[in-house]
Novice: 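Questions regarding the structure given below will be posed in turn.
Below, chains carry the letters A, B, ... as their sequence lines are ordered, and counting in each starts from 1. Only heavy atoms go into these numbers, but all of them, side chains included; no hydrogens, no water, no symmetry mates.
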Protein chains: 2
Amino acid sequence: MQPKTRWRRRKEARPGEIIDAALNLFVQHGFSATRLDDVAAEAGVSKGTVYLYFDNKESLFRAMVQELIVPVVAQAEEHAAQFQGTQTELIRMLVHSWWDNVGKTRLANMPKLMVSEAAHFPELARYYVDNVVKRARKLLEDALYKGIEQGEFESCDVKSAARILLSPLVFSVIWEKSLAPFDSDDYDIATYIALHLDIFFNGISLDSGVTEHV
Amino acid sequence: MQPKTRWRRRKEARPGEIIDAALNLFVQHGFSATRLDDVAAEAGVSKGTVYLYFDNKESLFRAMVQELIVPVVAQAEEHAAQFQGTQTELIRMLVHSWWDNVGKTRLANMPKLMVSEAAHFPELARYYVDNVVKRARKLLEDALYKGIEQGEFESCDVKSAARILLSPLVFSVIWEKSLAPFDSDDYDIATYIALHLDIFFNGISLDSGVTEHV
DNA sequence: CTAATTAATGACTCAATAGTCAGTAATAAA
DNA sequence: TTTATTACTGACTATTGAGTCATTAATTAG
């Protein structure tokens, strides 16, 4: 069962394994507090090997972000494009699938990590905003526009409304991964999200009178 | 005009000046990326002087947090206690005064800083949650309870509702201090807050039907 | 089986910075 | 004016961790 060799040559598998190790440690300790020696150890290689596949610590960080999040956004866009139903139902579907694919997984750590590190990695921050945030917002904005056209929602400032819809979701994962462990009052996130959606849809339903902010 | 002396003895003023310098640099670069030499320089003293008044870098960080935020929370509590008017008006007042005293000032940097550093400073995180977050939530929860009793709002899960009310506000300052500089779509925060309050109050008004989450 | 290639290693260098402390100069006391 | 006190300095130490590279060993080619 013991391998005869001290190590194997596994050119194909290494980058993925290193990225995976990096994700675990970067989300746990942040960028600067993560030692590359530890990333290497977690990936089962030496530090030299990390430098064989990535130029430096920052480039590993970037690779990790790109690798992990873009597929999720793309999948959400496909789901939305194929969706049959009212815009209210579409938004509920997007929120719940975001929760299943991001909120409940280790990807839930990304928003806090990006917020914390944005100032140190401007190029990466721009990439994240363009490829994740803007695309996510656009899905919601499009649904809100259509919903207004189709008479599901009161006319209102759609760009603000999309942010209002998104904020409590993103904030909840940031909170969970930062201060929640120190908060003795716990709460049920499923109830929180359900109530948020109910208040929001009630708030923008046609009889609501939120027209002053068009 | 030139002072004859190379430096002055100013035992009373130093700690405050050092805390002030620390705030400017910690919020700009984060905790670990801030050099104590730079804090000292910004405060107009040498590094040795910083260690005369604070045990170490962490203790300076804690002093800064305590010094700056607790007074703001205490003031909000007083305002709320003295308030005459409906609970809807009270909540609107609290939100707007939070915006004036936190959102528009350099204190707006605190949420992002705490979220980023919480994992490295568990004791400080607990202090912040207990002395800032819980007290802020309590103000809103109390207003919502009273509003329900007095028939202003539909009965609902008050703890979740208070978080839903707070999230978009806190998130907006975190966003502004992190990724917003990389986001070309800008938006007007005043419009966003006004719309949030309108949607929220419409959403929980008596005719809304959000009763299922009691 | 032997030689050539290259994936992988880990001891090393180098830079950055938290924290120390012996010495200095401003102030107060005698 | 002289002496005692102490706020303040800044050069120093100790540590940490990013990035390098000469060497080693797994694999492939001949």
Novice: Check every strand shown and say whether B:Phe54 touches a base, only sugar-phosphate, or nothing at a heavy-atom separation below 4.0 Å.
Specialist: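 Nothing, no heavy atom under 4.0 Å.
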Novice: Show your working on ring-ring contact (aromatic ring centres under 6.0 Å, His included) between A:Phe121 and A:Phe31 and close with a plain yes or no.
Specialist: CA-CA 10 Å; A:Phe121 304 104; A:Phe31 181 80; 4.6 Å; yes
Novice: Keeping B:Tyr192 on the side-chain end and B:Pro168 on the backbone end, is there a donor-acceptor pair under 3.5 Å?
Specialist: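 Flag set: sc B:Tyr192 to bb B:Pro168 pair under 3.5 Å.
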Novice: Find the distance A:Asp55:CG to D:dG19:C1' and express it as a whole number of Å.
Specialist: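 Distance check: A:Asp55 CG to D:dG19 C1' gives 12 Å.
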Novice: Is the phosphate of C:dA7 approached by A:Arg14 (side-chain N or O, under 4.0 Å from OP1 or OP2)?
Specialist: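 It does not, given that no N or O in the side chain of A:Arg14 lies less than 4.0 Å from OP1 or OP2 of C:dA7.
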Novice: Nearest nucleotide by nearest heavy atom, which residue falls closer to the 5' end of DNA chain C, B:Phe31 or B:Trp7?
Specialist: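 Looking at DNA chain C, the more 5' nearest nucleotide goes with B:Phe31.
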Novice: Look at the side-chain N and O atoms of A:Thr49 and state whether any lies under 4.0 Å from the OP1 or OP2 oxygen of C:dT9.
Specialist: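 Indeed, a polar side-chain atom of A:Thr49 lies that close.
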Novice: By the 4.0 Å heavy-atom rule, please label A:Leu52 as base, sugar-phosphate, or nothing.
Specialist: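 Base, at least one base atom sits under 4.0 Å.
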Novice: Taking only residues two or more places apart in sequence or in another chain, which ones pass side-chain hydrogen bond (donor to acceptor under 3.5 Å, both in side chains) with B:Arg126?
Specialist: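 By the side-chain hydrogen bond (donor to acceptor under 3.5 Å, both in side chains) rule, B:Arg126 matches no residue at all.
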Novice: Using a 4.0 Å heavy-atom cut-off, does A:Ser32 contact any base of the nucleic acid, only the sugar-phosphate backbone, or nothing at all?
Specialist: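 Nothing, no heavy atom under 4.0 Å.
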Novice: Is the shortest side-chain N/O distance from A:Tyr51 to OP1 or OP2 of C:dT9 below 4.0 Å?
Specialist: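 For A:Tyr51, the contact criterion (side-chain N or O under 4.0 Å from OP1 or OP2 of C:dT9) is not met.
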Novice: Using whole Å, report how far NZ of B:Lys47 lies from C1' of D:dC12.
Specialist: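 Computing the B:Lys47:NZ to D:dC12:C1' distance gives 10 Å.
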Novice: With distance as the sole criterion, is a donor-acceptor pair present between the side chains of A:Ser32 and B:Ser32 under 3.5 Å?
Specialist: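 Yes.
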Novice: Could I get a table of every N or O pair under 3.5 Å where one atom is in the protein and the other is in nucleotides 1-6 of chain C?
Specialist:
{"from": "C:dT6", "atom 1": "O4'", "to": "A:Arg9", "atom 2": "NH2", "distance (Å)": "3.1"}
{"from": "C:dT6", "atom 1": "O2", "to": "A:Arg9", "atom 2": "NH2", "distance (Å)": "2.9"}

